[in-house]
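Along the sequence shown, the residues carry numbers beginning at 1. Bear in mind the structure is a predicted one, so any value in this text is a computation, not a measurement. We use all heavy atoms of the structure for the numbers below, so side chains are in, but hydrogens, waters and symmetry mates are not.
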Amino acid sequence: NREVAAFDGIFVVHQRDEGYHLSRSFDEVCSISRRSGARLHVSHLQAYGKVNWPIMDEVLEKAERFLDEGGEVTWDRYPYLAGCTTLTAVLPTWTFNEGTGALIENLVNPAYRKKIHDEFTKGLDVWHNRQISVGWENIVVTAVHLEKNRWMEGLSCRALAERQGKNPIDAVCDLLSEEKLAVTMISFYGSEDVLRKVLSHRRATVGSDGIYGGRPHPRLYGSYPRFLRQYVREERVFSLQEGVRKLTSFPARILGISDRGRIAEGCWGDLVLFDPARIADRATYEEPELPPEGISGVFVNGVRVVDEHGATGALPGRVLRKKK
């Protein structure tokens with residue numbers, strides 16, 4: 001990170017823990033930033049599970065102290081109360097010690113399976129036990145690869161376990177081994193109050209953290225329209241100007257891309273034409289691929305890529321790099 005700091009780079013990190021050890025994990029990344037001099041950006045800052053929601057107040061206070069000490073910290077967050085990642089995230093971290101190939105084989109080993117069951121009896125002070133923090137009924141399978149398992153997409157781990165007459169731990173282990181770990185999930189873990197605190201902070205921006213495949217999280221299609229609908233138009237947490245800034249010029253400044261995110265001479269023509277009175281997300285957890293409404297055009301590098309009929313087929317995009 002000292003090399004990153006020498007080029008005014010940025011330390012972008014997913015914290016080690018977003019649950020019971022959220023505060024300690026934030027201390028860790030702040031310490032790395034402080035010692036190296038690299039600016040810190042935390043990917044989708046969140047408190048996972050009801051028991052951990054109060055910890056966010058402590059984290060935001062620590063962020064203020066870090067800023068007062070001269071540190072640089074920002075973060076992003078998607079405007080939803082559920083997250084999306086691979087289903088392997090529910091497993092104890094030590095199960096990955098021998099690599100993914102070994103894990104696929106180990107998951108069906110009875111002795112190894114018993115060790116996993118034993119781990120799920122331990123509390124959040126020991127590990128990020130999602131059986132406790134959110135519950136199997138709030139962890140939903142979103143994408144599998146094998147056709148014979150398609151029926152599982154959209155079902156919670158508890159529901160698919162009940163249909164198979166299994167314990168949810170066994171159902172998850174069997175599925176992961178059979179699918180060679182290639183399963184994604186949505187987990188409902190969040191608090192609207194915590195989300196609003198995180199997003200409304202002056203150092204916060206918005207990120208979709210979207211993942212393609214199967215039945216995706218609605219954030220893939222809806223994050224930015226949802227932010228403008230809910231927090232700008234309906235709840236008026238932000239003015240339209242401040243809401244747009246959080247989505248455009250602020251993240252461009254964080255990344256050091258000076259000729260994007262603003263309408264100004266010398267900047268590239270990246271534009272989204274939307275109606276503030278109509279902009280809205282339509283994607284839901286049941287129908288996650290519905291496009292938003294209220295957007296009449298999108299331009300990338302001055303070329304129209306979306307019109308009233310949808311994508312135009314133009315591909316004028318390019319890799320963006322930090323300006324020296």
Side-chain angles (χ1 to χ4, degrees), residues 44 46 75-84 142 154 186 188 190-202 204-255 257 259-264 267-317 320:
H44 34 277
Q46 57 201 20
W75 54 83
D76 60 73
R77 181 59 204 273
Y78 46 87
Y80 292 86
L81 302 182
C84 180
T142 56
I186 287 174
F188 294 85
S191 152
E192 185 62 46
D193 180 56
V194 172
L195 173 58
R196 192 176 291 107
K197 286 178 182 177
V198 170
L199 275 176
S200 61
H201 195 281
R202 69 188 189 283
T205 183
V206 179
S208 72
D209 194 34
I211 303 174
Y212 284 95
R215 181 184 291 188
H217 192 299
R219 66 191 182 186
L220 182 65
Y221 285 75
S223 284
Y224 300 97
R226 182 183 182 90
F227 175 80
L228 291 169
R229 171 187 62 78
Q230 181 176 347
Y231 296 103
V232 174
R233 184 173 71 243
E234 295 177 353
E235 299 182 11
R236 299 186 180 182
V237 176
F238 310 101
S239 67
L240 179 60
Q241 292 83 354
E242 175 61 12
V244 169
R245 188 191 75 87
K246 275 186 174 286
L247 305 181
T248 56
S249 61
F250 186 43
R253 183 164 68 84
I254 292 170
L255 295 170
I257 303 172
D259 55 0
R260 306 276 172 174
R262 297 177 298 125
I263 301 175
C267 289
W268 291 87
D270 295 342
L271 301 167
V272 177
L273 308 183
F274 68 91
D275 182 348
R278 291 183 57 243
I279 185 76
D281 54 308
R282 295 172 60 238
T284 64
Y285 293 103
E286 292 71 33
E287 296 184 86
E289 297 182 277
L290 293 176
E293 60 185 14
I295 298 175
S296 58
V298 178
F299 293 80
V300 175
N301 293 331
V303 178
R304 190 161 194 152
V305 296
V306 173
D307 58 22
E308 62 273 14
H309 304 296
T312 65
L315 300 171
L320 300 183

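- Rounding to the nearest 0.5 angstrom, the gap separating the OG1 atom in Thr248 from the NZ atom in Lys246 is 11.5 Å.
- Contact annotation: the side chain of Glu242 never approaches that of Arg202 to less than 4.5 Å [non-hydrogen atoms, C-beta and beyond].
- A distance of 7.5 Å separates OG1 of Thr142 from CD1 of Ile211, quoted to the nearest 0.5 Å.
- Looking at Phe274 and Pro276, their side chains come closer than 4.5 Å, going by heavy atoms from C-beta outward.
- One N or O on the side chain of Asp307 and one on the backbone of Gly310 form a donor-acceptor pair closer than 3.5 Å.
- Environment of CZ in Arg262: sparse, with no more than 12 heavy atoms of neighbouring residues, nucleotides or ligands closer than 6.0 Å.
- No donor-acceptor contact under 3.5 angstrom links the side chains of Trp268 and Asn301, judged on distance only.
- A 4.5 Å side-chain heavy-atom check between Arg226 and Ser223 finds every atom pair outside the cut-off.
- In this structure, the separation between CG on Leu228 and CD1 on Ile279 is 6.0 Å, given to the nearest 0.5 Å.
- Once rounded to the nearest 0.5 Å, the distance linking OG1 of Thr312 with CZ of Arg304 reads 8.5 Å.
- Classified by interplanar angle (parallel below 30°, tilted 30° to 60°, perpendicular above 60°), the ring pair Tyr80/Tyr285 is perpendicular.
- Asp76 and Gly207 get closest at one heavy-atom pair: CB-N, 4.0 Å.
- Closest of all the heavy-atom pairs between Pro218 and Ile186 is CD-CD1, 4.4 Å.
- Residues Pro316 and Val305 approach most closely at CD-CG1, 3.5 Å, considering heavy atoms.
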Expected list for residues 287-297: side-chain donor-acceptor pairs under 3.5 angstrom, two or more places apart:
unit_1, atom_1, unit_2, atom_2, d
Glu289, OE2, Tyr221, OH, 3.4
Ser296, OG, Leu273, O, 3.4

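- Centroid-to-centroid, the aromatic rings of Trp75 and His201 come within less than 6.0 Å.
- By the 4.5 Å heavy-atom criterion applied to side chains, Leu199 and Val206 are counted as neighbours.
- Rounding to the nearest 0.5 Å gives a distance of 15.5 Å between CZ of Phe238 and CZ of Arg233.
- Using a 4.5 Å heavy-atom threshold, the side chains of Leu195 and Tyr231 count as touching.
- Atom OH in Tyr224 sits 11.0 Å away from atom CZ in Arg219 (nearest 0.5 Å).
- Residue Tyr78 is tested with His217, Gln46, His44 for a side chain to side chain donor-acceptor pair (under 3.5 Å); the sole match is Gln46.
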Carefully, step by step, assess Glu192 and Gln230 under the rule side-chain contact (heavy atoms from CB on, under 4.5 Å). CA-CA 12 Å; Glu192 185 62 46; Gln230 181 176 347; 3.2 Å; yes
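- The shortest distance between side-chain heavy atoms of Leu247 and Phe227 falls below 4.5 Å.
- Nearest approach of Cys84 to Asp209, heavy atoms of both residues: O-OD2, 4.3 Å.
- Side-chain contact between Tyr212 and Leu220 is present, with heavy atoms from C-beta onward closer than 4.5 Å.
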